[in-house]
A.B. asks: 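A single structure is presented below for examination.
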Amino acid sequence: MRSPKDFFAPLAVGAPTPVREVPARPSRMIHFFDPSNEKMAAKVPGMVGSVDVLLGNLEDAVRADRKEAARQGLVDIAKATDFGESTQLWTRVNSLDSPWALDDLVTLVTEIGDRLDVVMVPKVQGPEDIHYVDRLLAQLEARAGLTRPILVHAILETARGVADVEAIAGASPRMQGISLGPADLAADRRMKTTRVGGGHPGYLVRADPATDLGEGVDPVTAPRATHQQDLWHYTIARMVDACAMHGIFPYYGPFGDIKDVVACEDQFRNAFLLGCVGTWTLHPVQIDIAKRVFSPSAADVAHARRVREAMGDGTGAVMLDGRMEDDASLKQCLVILELAERLGATDPELAELYAV
Ligand code: 1VU
Ligand code: MG
């Protein structure tokens with residue numbers, strides 16, 4: 001392990017100096033596209049400005065015989081597209097144990113490193129995976145003469161990764177954030193689900209048997225209320241804590257039931273309320289859902305502003321609408337207001353809605 005004094009030193013001579021604070025750019029939706037799919041790729045330039053992040057995916061969901069085409073497709077799109085100020089370009093490279101990861105990193109940094117904001121690394125097992133990518137990126141940045149460091153995002157989709165999530169979050173100043181990868185994680189944990197994210201009807205709690213059903217009714221087999229539970233609560237909460245303690249950003253990942261826009265919104269909102277700043281969107285229909293969920297409501301922003309005003313210098317306790325507000329509720333309100341201001345800075349519609 002290097003000395004903590006060297007944490008922010010470049011890992012290669014001539015590489016850009018790592019950032020001390022991860023830029024808090026809006027990233028409510030990380031929109032996935034397959035750069036080898038001509039129809040999908042053709043839609044990308046038209047999405048600039050309406051999504052926060054466009055991610056050229058090279059890993060799972062891209063056929064093995066299309067890996068080179070996807071890599072080259074991303075290079076072509078990045079060179080031909082002006083992403084402007086409000087849309088970032090990210091990529092998800094193949095996993096580090098695959099035959100493609102090295103060429104993905106070498107080609108992308110060399111060819112379009114000046115346009116890439118973040119490299120998403122799948123199936124991260126521990127901090128050593130981040131250290132490997134960190135050093136390699138520094139060497140490639142130095143060779144390409146880049147002046148801005150490329151950031152790294154890890155997907156939490158192995159049991160070992162979850163067990164080591166704090167070390168992953170703090171492995172490098174390049175760490176931008178972490179996403180939940182529920183499908184691979186379920187397989188790695190040997191969970192008995194077959195879905196891509198979301199809930200499961202079998203994962204539930206049931207009300208106790210009634211005691212007053214009368215003669216001849218079996219309270220055990222009589223109908224009882226059940227409530228589906230969130231399979232991902234534990235992992236998202238751990239991820240959020242690990243990210244918060246290291247000053248990086250947590251994200252929900254994929255929701256595979258594209259047609260179930262209602263459950264998708266619920267899953268996204270659970271993640272938002274727990275502290276996530278965004279999610280993946282796999283299909284255009286999920287983009288507006290993510291935008292709606294990961295932007296605070298006008299009512300929440302207005303309430304937060306009222307609390308800030310009522311709290312004066314920020315100490316003590318006041319009553320507002322029958323509720324006690326104090327230093328701690330003010331801090332929550334400041335989180336909402338800071339997010340509203342950040343989103344309003346790049347989205348004129350939200351700026352008007354929030355009056356920021
Ligand atoms: O109307 P058109 O025919 O011109 O266009 C289609 C389609 O091409 C387009 N479209 C997209 N455009 C941009 N980005 C996208 N992600 C995207 N998806 C589709 O929209 C029009 C309507 O499409 P559709 O409703 O007919 O949908 P398809 O059957 O064409 O495609 C559905 C899937 C889910 C296959 C497609 O959206 C997709 O491949 N999405 C990305 C999947 C992905 O990236 N998976 C990896 C991340 S998840 C993971 O790793 C863990 C499991
Ligand atoms: Mg995966």
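Just so you know, ligand 1 is whichever comes first in the structure, and atom 1 is the first atom listed for that ligand.
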A.B. asks: Does any N/O atom on E59 come nearer than 3.5 Å to any N/O atom on ligand 1?
C.D. replies: no
A.B. asks: Any protein heavy atom lying closer than 4.0 Å to atom 41 (C) of ligand 1?
C.D. replies: yes
A.B. asks: L282 heavy atoms, cut-off 4.0 Å: which ligand 1 atoms fall inside?
C.D. replies: 15 (C), 16 (N), 18 (N), 37 (O), 38 (C), 40 (N), 41 (C), 47 (C), 48 (S)
A.B. asks: Answer yes if M245 and V240 sit in the same cluster of Ile, Leu, Val, Met, Phe, Trp and Tyr residues linked by side chain heavy atoms under 4.5 Å apart, and no otherwise.
C.D. replies: no
A.B. asks: I need the nearest protein heavy-atom contact for atom 18 (N) of ligand 1: residue, atom name and distance, please.
C.D. replies: P284 CD, 3.6 Å
A.B. asks: For R305, what residues pass the side-chain hydrogen bond (donor to acceptor under 3.5 Å, both in side chains) criterion, not counting sequence neighbours?
C.D. replies: none
A.B. asks: Heavy atom of H31 under 4.0 Å from ligand 1?
C.D. replies: yes
A.B. asks: What atoms of ligand 1 come closer than 4.0 angstrom to any heavy atom of V196?
C.D. replies: 52 (C)
A.B. asks: Are D34 and ligand 1 in contact, using a heavy-atom cut-off of under 4.0 Å?
C.D. replies: no
A.B. asks: Establish whether atom 30 (O) of ligand 1 and some protein heavy atom are separated by less than 4.0 angstrom.
C.D. replies: no
A.B. asks: Could you grab the protein N, O or S atoms closer than 2.8 Å to the Mg ion (ligand 2) for me?
C.D. replies: E157 OE1, D184 OD2
A.B. asks: Looking at R148 and D117, does any basic side-chain N land under 4.0 Å from a carboxylate oxygen?
C.D. replies: yes
A.B. asks: Counting non-hydrogen protein atoms only, what is the nearest one to atom 51 (C) of ligand 1? Give residue, atom name and distance.
C.D. replies: P254 CG, 3.9 Å
A.B. asks: Quick one: does L334's side chain get under 4.5 Å of R308's, heavy atoms only?
C.D. replies: yes
A.B. asks: Taking only residues two or more places apart in sequence, or in another chain, which ones meet D184 in a salt bridge (charged side-chain N to carboxylate O under 4.0 Å, His left out)?
C.D. replies: K123
A.B. asks: Kindly confirm or rule out a cation-pi arrangement of R20 over F8, judged by NZ or CZ under 6.0 Å from the six-membered ring centre and within 45° of its axis?
C.D. replies: yes
A.B. asks: How far is atom 38 (C) of ligand 1 from its nearest protein heavy atom, and which residue and atom is that?
C.D. replies: M40 CE, 3.5 Å
A.B. asks: Of the listed options (K43, H283, E38, R195), which comes nearest to atom 4 (O) of ligand 1 when hydrogens are ignored and any heavy atom counts?
C.D. replies: K43
A.B. asks: Need the ligand 1 atom indices (1-based, order shown) with element for anything under 4.0 Å from a heavy-atom of R92.
C.D. replies: 46 (C), 47 (C), 49 (C), 50 (O)
A.B. asks: So for ligand 1, is D60 a polar contact partner (N or O within less than 3.5 Å, distance only)?
C.D. replies: no
A.B. asks: Measure the acute angle between the ring planes of F268 and F294, then classify it against the limits of 30° and 60° as parallel, tilted or perpendicular.
C.D. replies: tilted
A.B. asks: Any atoms of ligand 1 less than 4.0 Å from a non-hydrogen atom of A61? List them with their elements.
C.D. replies: 43 (C), 45 (N), 46 (C)
A.B. asks: Answer yes if a protein heavy atom lies under 4.0 Å from atom 47 (C) of ligand 1, otherwise answer no.
C.D. replies: yes
A.B. asks: Of the options R25, Q88, H31, R28, which is the one that meets D52 in a side-chain hydrogen bond (donor to acceptor under 3.5 Å, both in side chains)?
C.D. replies: R28
A.B. asks: For Q176, what residues pass the side-chain hydrogen bond (donor to acceptor under 3.5 Å, both in side chains) criterion, not counting sequence neighbours?
C.D. replies: H153, Y251
A.B. asks: Salt bridge or not between R160 and E128? Use side-chain N to carboxylate O under 4.0 Å.
C.D. replies: yes
A.B. asks: Using a 3.5 Å cut-off on N or O atoms only, is A183 in polar contact with ligand 1?
C.D. replies: no
A.B. asks: Under a 4.0 Å threshold between the charged nitrogen and the carboxylate oxygen, would E59 count as salt-bridged to K67?
C.D. replies: no
A.B. asks: Against heavy atoms of N57, which atoms of ligand 1 measure under 4.0 Å?
C.D. replies: 44 (O), 46 (C)
A.B. asks: I need the minimum non-hydrogen distance between N57 and P35, along with the two atoms involved.
C.D. replies: O-CD, 3.2 Å
A.B. asks: Out of D76, D104, D34, which residue meets the salt bridge (charged side-chain N to carboxylate O under 4.0 Å, His left out) rule with R71?
C.D. replies: D104
A.B. asks: Which atom names give the shortest non-hydrogen contact between A159 and L185, and what distance separates them?
C.D. replies: N-CD1, 3.8 Å
